[in-house]
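Residue numbers start at 1 and run along the sequence shown. For ligands, and for the atoms within them, numbers begin at 1 and follow the listed sequence.
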Amino acid sequence: MNLHERRERHERRSRRNLRRASALGLIAAGVMAVAGTATAVPASASGSAPSSAKASTLGAQAAQSGRYFGAAVAAGKLGDSTYSTILDREFNMVTPENEMKWDTTERSRGSFNFGPADQIVNRALSRGQRVRGHTLVWHSQLPGWVSSIGDANTLRSVMNNHITTQMAHYKGKVYAWDVVNEAFADGGSGQHRPSVFQNLLGDGFIEQAFRTARSADPAAKLCYNDYNIENWSDAKTQGVYRMVRDFTSRGVPIDCVGFQAHFGTGGPPASFQTTLANFAALGVDVQITELDIAQAPTTAYANTVKACMNVARCAGITVWGIRDTDSWRAGENPLLFNGSGNKKPAYNATLTALGGTPAARATASPASPASSASPAASLPSSFRWSSSGSLIAPKSDATHNIAGLKDPTVVYHNGKWHVFASVASSSGY
Ligand code: XIL
């Protein structure tokens with residue numbers, strides 16, 4: 001078969017697939033706003049030489065693949081210039097470390113204090129950094145007046161009011177909220193942990209919280225966040241996975257899963273990338289939200305970053321603090337900067353895994369390939385792809401457990417973007 005025949009056959013097939021998908025009602029015919037276009041260009045064609053495509057800070061380098069690199073920030077440290085200099089140089093996402101927790105924002109019922117979090121949020125936004133909101137419903141750092149509530153109706157209205165008031169205050173300012181934090185139990189049960197929310201409202205409290213959150217700020221991404229859910233075979237991971245699969249199949253609003261990633265010296269479990277990919281396949285973003293690793297071994301950091309880089313819907317990485325001395329695990333020196341604010345070896349490993357060049361190497365002036373190479377070598381010897389994270393993705397529903405997508409087509413018609421595609425379940429198109 002010649003090339004022309006091949007192409008004709010491919011086009012006939014594509015048309016047939018589209019018709020078939022349409023007849024089966026499988027086309028994702030929802031009208032979607034396409035916020036940008038994924039780019040896939042050789043580095044040399046992107047307007048700059050391949051070497052300059054590599055950035056020298058974590059945030060800028062993560063941005064080259066459409067991701068972010070963030071840090072947990074404490075309001076009380078913003079006046080420390082070593083701290084704030086690193087924050088502004090390296091990071092393009094910020095999570096208030098404690099300032100958005102219930103015991104700070106609603107210490108007594110109905111009386112809200114957003115002062116400390118506002119300090120962090122307004123500072124970040126004015127510098128072009130985005131914000132993760134952490135966290136709305138959590139059993140810890142919860143004031144006594146909430147944990148001592150004794151009836152379901154009171155607690156439900158208190159929880160909804162807390163979510164609504166806090167999200168309304170930050171409407172339009174927060175990229176993603178950890179709506180519910182750490183609701184699953186450790187160990188082999190795969191069930192929710194006991195808490196005042198679980199005990200009075202039952203399993204449905206998580207769904208209730210997400211539904212309330214969606215109404216409060218429809219534009220914010222809504223995440224479930226937890227620790228020890230990085231190893232695919234763990235019962236806790238499986239429990240969270242079942243919940244997210246249930247939510248996406250029933251249309252309960254959820255956009256992302258946060259993996260805290262508080263690791264020991266060994267770093268992530270071998271299955272971490274599989275875990276990220278499996279969650280992403282449910283149609284949610286995945287994010288590494290609180291990364292720190294005991295003693296900060298370079299390999300452990302590199303493996304963590306690579307797991308994210310290898311999963312298209314891994315939107316970004318946040319480290320839980322800036323310098324070792326800022327860490328809640330300060331005794332384990334788990335971060336990327338030492339107490340003096342100097343870059344540790346794990347910093348370079350992280351930047352490299354993000355695709356960047358550690359500063360020391362970047363300063364060496366490269367030989368000019370154009371002048372020194374033979375004409376035959378004038379094509380680049382390697383190509384790099386850069387792309388945003390996914391802009392659209394199919395959603396499974398009760399009757400379609402989507403395993404793959406074929407021949408996506410984007411059509412602009414009458415001022416709207418339409419996206420058509422065939423979807424496949426594991427049993428067929
Ligand atoms: C930690 C903070 O870093 C500490 O300053 C605070 O004393 C306790 O909480 N999981 C989470 C984070 O979701 O909110 C926790 O942060 C660390 C574990």
For D186, what residues pass the salt bridge (charged side-chain N to carboxylate O under 4.0 Å, His left out) criterion, not counting sequence neighbours?
K236
Ring pair (Phe, Tyr, Trp, His ring centres under 6.0 Å) involving H139 - partner list, sequence neighbours excluded
none
Got a sec, which pairs hit ring pair (Phe, Tyr, Trp, His ring centres under 6.0 Å) with one end in residues 275-311, sequence neighbours left out?
Y241-F279, F259-F279
Do we get R323 above F337's six-membered ring, with its NZ or CZ under 6.0 Å from the centre and within 45° of the axis?
no
Given a heavy-atom cut-off of 4.0 Å, could you list the residues near ligand 1 in chain and number order?
E97, N98, K101, H134, W138, Q141, N181, E182, Q260, H262, E290, W320, W328
Where the side chain of E230 meets the backbone of N228, is there a donor-acceptor pair that is under 3.5 Å apart?
yes
Hey, are the side chains of K77 and D326 touching, using non-hydrogen atoms and a 4.5 Å cut-off?
yes
